[in-house]
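Just below is one structure, and these are the notes that go with it.
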Amino acid sequence: MAKSKALLIDITKCVGCHECEKACTEANHLPKDDGPITDLSATHFTYLKSFNDETVFVRRLCMHCIKPTCVSACLVGAFTKTDTGAVLYDESKCIGCRYCMQACPFEVPRYEWGSLAPKIQKCRLCYERIVAGRQTACAEACLVGATVFGDRDDLIREARSRIDGNPGGYVDGIYGLTEAGGTSVLFLSSIPFEKLGFPTNIPNEPIPDLSWRVLSQVPKYAVAAGVTLFGIRWITARRTEVARFEAEERLRAITGQREG
């Protein structure tokens with residue numbers, strides 16, 4: 001099996017040139033807008049959000065989870081996790097339920113609301129380029145090395161090396177290393193991630209595993225609940241039967257007294 005690929009995005013190096021956005025638009029044949037990109041959308045798979053009076057820039061894109069919640073939530077298998085690290089979407093299987101949008105802990109997938117044949121859209125981690133032995137378009141376009149493409153394990157070592165080599169210049173942590181069980185997009189920052197809009201309440205265990213643990217207990221509790229409900233129903237029915245019998249007995253007693 002090929003090593004899983006990933007992106008390492010070093011926020012301290014980003015200068016806000018937006019070349020990653022432009023490269024993503026061209027590589028995915030997306031429509032070009034005259035104005036700035038302000039959020040993820042069905043036509044924008046990545047964008048830069050500025051902080052601290054536009055001195056800090058944070059990229060937003062699909063995190064390509066190691067164990068994606070969108071894959072486990074999809075009822076028809078429209079999402080798959082590939083060996084390259086990319087999470088791909090097959091529009092031919094999609095039924096438009098949008099469970100993937102509700103399940104994603106990073107709120108990434110976008111729906112084509114204005115289309116007569118709507119699809120889910122998001123970053124594909126340049127799957128075709130990776131298979132062909134190339135790097136992602138955004139990494140290739142980044143002239144300052146803020147976005148680096150490579151094997152995930154190698155990038156984790158590189159990230160750790162940067163932190164250890166400059167402990168005052170980085171937060172002591174790699175975002176995406178363990179979040180939701182780990183992702184194929186990793187971030188370094190000098191500013192606490194929660195101050196840059198990163199969700200920090202995400203469990204470190206893969207969410208599908210957590211969901212399965214709960215769901216696996218459902219049959220056991222369902223049986224217990226069924227037994228309990230059957231017992232309640234039996235008791236209620238028995239009480240009704242006894243009450244009816246007692247009422248009939250009283251009626252017979254009254255009738256017998258009148259006849260006597």
Side-chain angles (χ1 to χ4, degrees), residues 4-16 20-21 37-41 44-73 79 81 85-87 98-110 122-123 125 138-139 142 146-149 152-153 155-214:
S4 180
K5 302 297 182 180
L7 292 175
L8 173 61
I9 300 175
D10 191 335
I11 295 171
T12 69
K13 294 181 177 294
C14 183
V15 297
C20 54
E21 293 177 343
I37 300 173
T38 58
D39 200 353
L40 294 178
S41 71
H44 302 126
F45 297 170
T46 190
Y47 86 104
L48 282 181
K49 186 173 182 178
S50 62
F51 293 84
N52 292 5
D53 296 325
E54 297 190 354
T55 59
V56 177
F57 302 91
V58 179
R59 275 190 69 191
R60 188 102 156 81
L61 70 161
C62 176
M63 297 293 286
H64 296 279
C65 301
I66 303 302
K67 287 191 175 182
T69 313
C70 58
V71 172
S72 65
F79 284 88
K81 176 71 175 182
V87 177
R98 301 189 295 280
Y99 285 167
C100 55
M101 297 173 65
Q102 300 175 44
C104 178
F106 302 102
E107 300 180 354
V108 168
R110 293 296 190 269
K122 70 174 195 64
C123 165
L125 200 64
C138 59
C142 186
T147 298
V148 180
F149 173 79
R152 187 175 188 270
D153 292 342
L155 292 180
I156 291 172
R157 284 191 287 270
E158 172 62 24
R160 195 68 249 175
S161 176
R162 293 187 190 185
I163 294 172
D164 294 341
N166 185 15
Y170 290 100
V171 171
D172 188 12
I174 305 168
Y175 192 89
L177 180 62
T178 59
E179 280 75 11
T183 66
S184 296
V185 178
L186 309 167
F187 286 88
L188 290 177
S189 174
S190 60
I191 299 172
F193 292 108
E194 62 270 18
K195 294 184 178 180
L196 297 177
F198 287 83
T200 54
N201 60 343
I202 296 175
N204 289 334
E205 189 173 352
I207 295 175
D209 290 356
L210 293 173
S211 301
W212 172 248
R213 188 175 306 142
V214 173

*If you draw a 6.0 Å radius around CD in Glu194, do more than 12 non-hydrogen atoms from other residues or ligands fall strictly inside?*
yes
Do you know which two heavy atoms are closest between [X] and [Y], and how far apart they sit?
| X | Y | value |
| --- | --- | --- |
| Pro105 | Ala180 | CG-CB, 4.4 Å |
| Pro68 | Cys65 | CG-O, 3.3 Å |
| Leu196 | Ile11 | CD1-CD1, 4.0 Å |
| Thr69 | Ser72 | O-OG, 2.9 Å |
| Pro192 | Val171 | N-CG2, 3.6 Å |

*Only counting residues at least two apart or in another chain, list the ones meeting ring-ring contact (aromatic ring centres under 6.0 Å, His included) with Phe57.*
none
*Sequence neighbours left out, what passes ring-ring contact (aromatic ring centres under 6.0 Å, His included) with Tyr170? Give chain and number order.*
none
From [atom1] ([X]) to [atom2] ([Y]), nearest 0.5 Å:
| X | Y | atom1 | atom2 | result |
| --- | --- | --- | --- | --- |
| Lys122 | Cys70 | NZ | SG | 6.0 Å |
| Thr147 | Ile9 | OG1 | CD1 | 4.5 Å |
| Thr46 | Ile37 | OG1 | CD1 | 8.0 Å |
| Lys67 | Lys81 | NZ | NZ | 12.0 Å |
| Ser189 | Tyr175 | OG | OH | 12.0 Å |
| Arg157 | Asp164 | CZ | CG | 13.5 Å |

Side chains of [X] and [Y]: does their closest heavy-atom pair fall under 4.5 Å?
| X | Y | value |
| --- | --- | --- |
| Ser41 | Tyr47 | no |
| Leu155 | Ile174 | no |
| Phe106 | Thr183 | yes |
| Thr12 | Arg162 | no |
| Cys100 | Phe79 | yes |

For [Y], is there any backbone N or O sitting under 3.5 Å from a side-chain donor or acceptor partner on [X]?
| X | Y | result |
| --- | --- | --- |
| Ser184 | His64 | yes |
| Arg110 | Met101 | no |
| Glu179 | Gly176 | yes |
| Lys5 | Phe149 | no |

*Who passes side-chain contact (heavy atoms from CB on, under 4.5 Å) against Cys20, sequence neighbours left out?*
Leu48, Arg59, Cys138
*Would Leu8 and Glu158 count as a side-chain contact (heavy atoms from CB on, under 4.5 Å) if you check the C-alpha gap in whole Å, the side-chain angles of each, and the deciding distance to 0.1 Å?*
CA-CA 9 Å; Leu8 173 61; Glu158 172 62 24; 4.1 Å; yes
*asked:* Let's go through Glu107 and Leu40 carefully: what are the C-alpha distance in whole Å and the side-chain angles of both, what is the deciding distance for side-chain contact (heavy atoms from CB on, under 4.5 Å) to 0.1 Å, and is it a yes or a no?
replied: CA-CA 10 Å; Glu107 300 180 354; Leu40 294 178; over 6 Å; no
*Kindly state whether the ring of Phe187 and the ring of Phe198 have centres lying under 6.0 angstrom apart.*
yes
*When you look at His44 and Arg60, which way does the side-chain contact (heavy atoms from CB on, under 4.5 Å) test go after all the steps?*
CA-CA 10 Å; His44 302 126; Arg60 188 102 156 81; over 6 Å; no
*Does a salt bridge link Asp172 with Arg160, judged by any charged N lying under 4.0 Å from a carboxylate O?*
yes
*Cys123 and side-chain contact (heavy atoms from CB on, under 4.5 Å): which partner among Val87, Leu7, Leu61, Val185?*
Leu61
